[in-house]
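One structure is given here, and the rest of the page talks about it.
Treat the numbers as computed from the prediction; the structure is a model and nothing was measured. Counting starts at 1 for both ligands and their atoms, following the listed order.
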Amino acid sequence: MKTVEVDLGDRSYPIYIGAGLLNQGELLRKHIPGKRVLIVTNETIAPLYLERVRAALLEGGKLQVDEVVLPDGEEYKSMEVLGKVWDKALESRMDRGVTFLALGGGVVGDMTGFAAACYQRGVHFVQVPTTVMAQVDSSVGGKTGVNHPLGKNMIGAFYQPRVVLVDTDTLATLPDRELASGISEVIKYGLIRDAPFFEWLEANMDRLLARDPEAIAYAVERSCINKAEVVAADERESSEGVRATLNLGHTFGHAIETGTGYGVWLHGEAVAAGTVMAADLSYRLGWIDKSLHDRIVALMQRARLPVLPPASMTTEQFRSLMAVDKKVLAGKLRLILLRGPLGNCVVTGDFDPAKLEETLAHFTTAAQAQPKH
Ligand code: NAD
Ligand code: GLY
């Protein structure tokens, strides 16, 4: 087992990473202070892993465990569905000592964290992520929330878990498309701050796609190390801080997710196309060279991720959806763009808007000419 520490002073917590960790109940139990746990999961994950997690919690004989099973899908990441968690907690008379445990991917994790942040003004929270996306990114760092019809992840809170337990064995049941979706966030770490990791991914992408346990464990650990460092440096994504760099490709990507309807494109797929769009803009601005741009496109394609947005999206739609991004400050759009050699990026509103127009026109035209996805 590997342990990566998220260093946030008295709110620091460990990320345990390893195969078969769901069988080691004490790793979870020692981070649960009260007597009651509410497991939040969904209808796909419950038949696969709920009983194991429940058994791991009950093992010590000290905990009372309840569960709530939500519908599965990004389209259910809403305030309405979130209410079911609070309904269950109130109906079961759970007090402020309860721990909410998220068992699932990023949707379950983000919703459970937000539910925990609000229930009786804040109860304990634990993450047991079961997708690549959640194991390398969403379960770490305390961003929680739900979607709004007008914008992705627009309602939420920063709320850190007490522990993240990553059992890499759970990825065995993950569909291939979901595996690839998570890999787009892994590639992100290489691009924004870890050039040797990007090179490792170029050399090992086939092993990752084949779910080689050693390669998966390495990619999860290295991603968590990167994420933990960024979160420790800038927990709440200040305007001058580094956390926004984790959103490379996301402004374009969130526009794709909102524009196509939540759940049609997977989050990582939208981020992949968005990252290629950010790389294109960076190249048009003269900030990266052509060979880096081409390596990014090639690695996304090898990961079987889309490199064009959906053919249905217009430049006007991109413009209006990107204008509600959380990084917009005083009405000015800010983007994460690559600048310099591999592993370097900037968060900036200081770029030629005509170049952004060129990027949007290029991608919407190319997508219409060659419908993909
Ligand atoms: P997801 O939670 O929808 O999970 C993907 C699918 O896989 C779902 O159908 C789920 O039921 C299923 N699943 C989960 N684990 C499984 C397993 N082990 N075996 C079989 N099926 C399994 O999607 P995701 O990609 O995990 O997360 C995407 C969400 O995460 C988005 O809402 C995104 O905004 C959010 N996100 C948040 C952060 C953050 O920092 N909080 C970071 C990245 C992404
Ligand atoms: N996934 C982006 C962040 O955690 O900041």
Side-chain angles (χ1 to χ4, degrees), residues 6 22 40-50 52-53 69-78 102-114 127-147 151-161 164 166-186 188-189 192 211 223-224 226-228 230-238 241-251 253-254 256-258 262-263 265-272 326-327 336 347:
V6 184
L22 285 187
V40 184
T41 188
N42 75 22
E43 58 205 7
T44 304
I45 301 150
L48 296 169
Y49 301 111
L50 178 57
R52 274 177 66 195
V53 173
V69 179
L70 304 177
D72 182 7
E74 185 73 40
E75 64 273 35
Y76 299 109
K77 189 178 172 183
S78 64
L103 171 65
V107 169
V108 165
D110 283 13
M111 290 176 78
T112 308
F114 189 39
Q127 286 269 21
V128 182
T130 60
T131 61
V132 173
M133 174 70 65
Q135 295 186 354
V136 303
D137 193 347
S138 65
S139 67
V140 176
K143 275 192 183 176
T144 72
V146 293
N147 300 326
K152 174 90 180 133
N153 294 337
M154 277 293 155
I155 313 295
F158 285 98
Y159 199 66
Q160 300 293 342
V164 180
V166 177
D167 184 340
T168 49
D169 282 351
T170 58
L171 302 181
T173 51
L174 197 64
D176 284 342
R177 190 177 162 204
E178 299 290 348
L179 183 86
S181 172
I183 288 175
S184 87
E185 301 279 17
V186 176
K188 165 184 83 180
Y189 295 116
I192 61 170
R211 303 175 196 230
S223 298
C224 286
N226 274 296
K227 177 117 192 207
V230 172
V231 169
D234 178 25
E235 182 186 2
R236 296 176 74 89
E237 198 170 312
S238 64
V242 292
R243 185 156 184 173
T245 62
L246 296 172
N247 278 318
L248 175 68
H250 284 55
T251 305
H254 285 166
I256 292 171
E257 288 186 85
T258 309
Y262 298 128
W265 273 49
L266 301 182
H267 177 67
E269 293 172 340
V271 166
K326 289 194 287 308
K327 287 178 295 302
I336 293 79
V347 183

Is there any N or O on [X] that sits under 3.5 Å from an N or O of ligand 1?
{"X": "Glu185", "answer": "no"}
{"X": "Asp72", "answer": "yes"}
{"X": "Thr144", "answer": "no"}
{"X": "Arg243", "answer": "no"}

Judged by atom type as modelled, is there a donor-acceptor pair below 3.5 Å linking the side chain of [X] to the main-chain atoms of [Y]?
{"X": "Thr112", "Y": "Ala102", "answer": "no"}
{"X": "Thr41", "Y": "Val69", "answer": "no"}
{"X": "Gln127", "Y": "Pro161", "answer": "no"}
{"X": "Lys77", "Y": "Val107", "answer": "no"}
{"X": "Ser223", "Y": "Val136", "answer": "no"}
{"X": "Ser184", "Y": "Val271", "answer": "no"}
{"X": "Asn42", "Y": "Pro71", "answer": "no"}
{"X": "Thr258", "Y": "His254", "answer": "yes"}
{"X": "Asp72", "Y": "Thr44", "answer": "no"}

Test: Asp110 and Lys143 ion pair at under 4.0 Å: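 Salt bridge flag = no for Lys143 with Asp110.
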- prompt: Quick one: do Asp169 and Arg52 make a salt bridge, cutoff under 4.0 Å?
  reply: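 No, Asp169 and Arg52 are not salt-bridged.
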Look at [atom] and say which protein heavy atom is nearest, naming residue and atom and giving the distance to 0.1 Å.
{"atom": "atom 4 (O) of ligand 1", "answer": "Thr131 CG2, 3.6 Å"}
{"atom": "atom 15 (N) of ligand 1", "answer": "Thr130 OG1, 2.7 Å"}
{"atom": "atom 22 (C) of ligand 1", "answer": "Leu174 CD1, 3.7 Å"}
{"atom": "atom 34 (O) of ligand 1", "answer": "Lys152 NZ, 2.8 Å"}
{"atom": "atom 5 (C) of ligand 1", "answer": "Glu178 OE1, 3.1 Å"}
{"atom": "atom 4 (O) of ligand 2", "answer": "Lys227 NZ, 2.5 Å"}
{"atom": "atom 35 (C) of ligand 1", "answer": "Asp110 OD2, 3.4 Å"}
{"atom": "atom 38 (C) of ligand 1", "answer": "Ser138 CB, 3.2 Å"}

[X]: numbered ligand 1 atoms lying under 4.0 Å from its heavy atoms:
{"X": "Leu48", "answer": "19 (N), 20 (C)"}
{"X": "Tyr49", "answer": "18 (N)"}
{"X": "Thr170", "answer": "17 (C), 18 (N)"}
{"X": "Lys77", "answer": "31 (C), 32 (O), 33 (C), 34 (O), 35 (C)"}
{"X": "Gly106", "answer": "2 (O), 24 (P), 26 (O), 27 (O), 29 (C), 30 (O)"}
{"X": "Glu74", "answer": "29 (C), 31 (C), 32 (O)"}
{"X": "Thr44", "answer": "11 (O)"}

query: Under 4.0 Å from atom 31 (C) of ligand 1, is there any protein heavy atom?
result: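 Yes.
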query: Quick one: does His250 get an N or O within less than 3.5 Å of an N or O on ligand 2?
result: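 It does not: no N or O of His250 is found under 3.5 Å from an N or O of ligand 2.
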query: ligand 2 and Lys188, any nitrogen or oxygen pair closer than 3.5 angstrom?
result: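 No, no N or O pair falls under 3.5 Å.
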task: Using a cut-off of 6.0 Å, state whether more than 12 heavy atoms not belonging to Tyr49 lie near its atom OH.
output: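 Enclosed.
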message: Residue-level breakdown please: for Asn153 versus ligand 1, do any non-hydrogen atoms fall below 4.0 Å on the side chain, on the backbone, on both, or on neither?
response: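 Under 4.0 Å from ligand 1, Asn153 contributes side-chain atoms alone.
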Residue part near ligand 1, for Val107, under 4.0 Å between non-hydrogen atoms: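 Both backbone and side chain.
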- prompt: Quick one: which of Thr170, Thr168, Thr130 gives a side chain to side chain donor-acceptor pair (under 3.5 Å) with Gln135?
  reply: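 By the side chain to side chain donor-acceptor pair (under 3.5 Å) criterion, Gln135 pairs with just one of Thr170, Thr168, Thr130: Thr170.
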task: Mind checking whether Asp137 contacts ligand 2 via backbone (N, CA, C, O), side chain (CB onward), both or neither, at a 4.0 Å heavy-atom cut-off?
output: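 Looking at Asp137 and ligand 2, just side chain atoms fall under 4.0 Å.
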field: ligand 2 versus Glu185: contacting region, heavy-atom distance under 4.0 Å
entry: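 Looking at Glu185 and ligand 2, no heavy atom falls under 4.0 Å.
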From [X] [atom1] over to [Y] [atom2], what is the distance, rounded to the nearest 0.5 angstrom?
{"X": "Asp234", "Y": "Arg243", "atom1": "CG", "atom2": "CZ", "value": "7.5 Å"}
{"X": "Glu178", "Y": "Thr173", "atom1": "CD", "atom2": "OG1", "value": "11.0 Å"}
{"X": "Leu246", "Y": "Ile192", "atom1": "CG", "atom2": "CD1", "value": "4.5 Å"}

- prompt: Out of Ile45, Asp167, Thr173, Asn42, who gets a non-hydrogen atom closest to atom 13 (N) of ligand 1?
  reply: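 Going through Ile45, Asp167, Thr173, Asn42 one by one, Ile45 has the nearest heavy atom to atom 13 (N) of ligand 1.
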query: Out of Glu43, Met133, Lys227, who gets a non-hydrogen atom closest to atom 40 (O) of ligand 1?
result: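 Result: the heavy atom closest to atom 40 (O) of ligand 1 is in Lys227.
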- request: Using a 4.5 Å cut-off on heavy atoms from C-beta on, say whether the side chain of Val128 contacts that of Asp167.
  value: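 When only atoms from C-beta onward are counted, Val128 and Asp167 do not touch, as no gap falls below 4.5 Å.
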- prompt: Hey, which atoms in ligand 2 end up nearer than 4.0 Å to a heavy atom of Lys143?
  reply: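 Selected atoms, number and element: 2 (C), 3 (C), 4 (O), 5 (O).
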query: Which of the numbered atoms in ligand 2 are below 4.0 angstrom from a heavy atom of Arg243?
result: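 Counting from 1, the qualifying ligand atoms are 3 (C), 4 (O), 5 (O).
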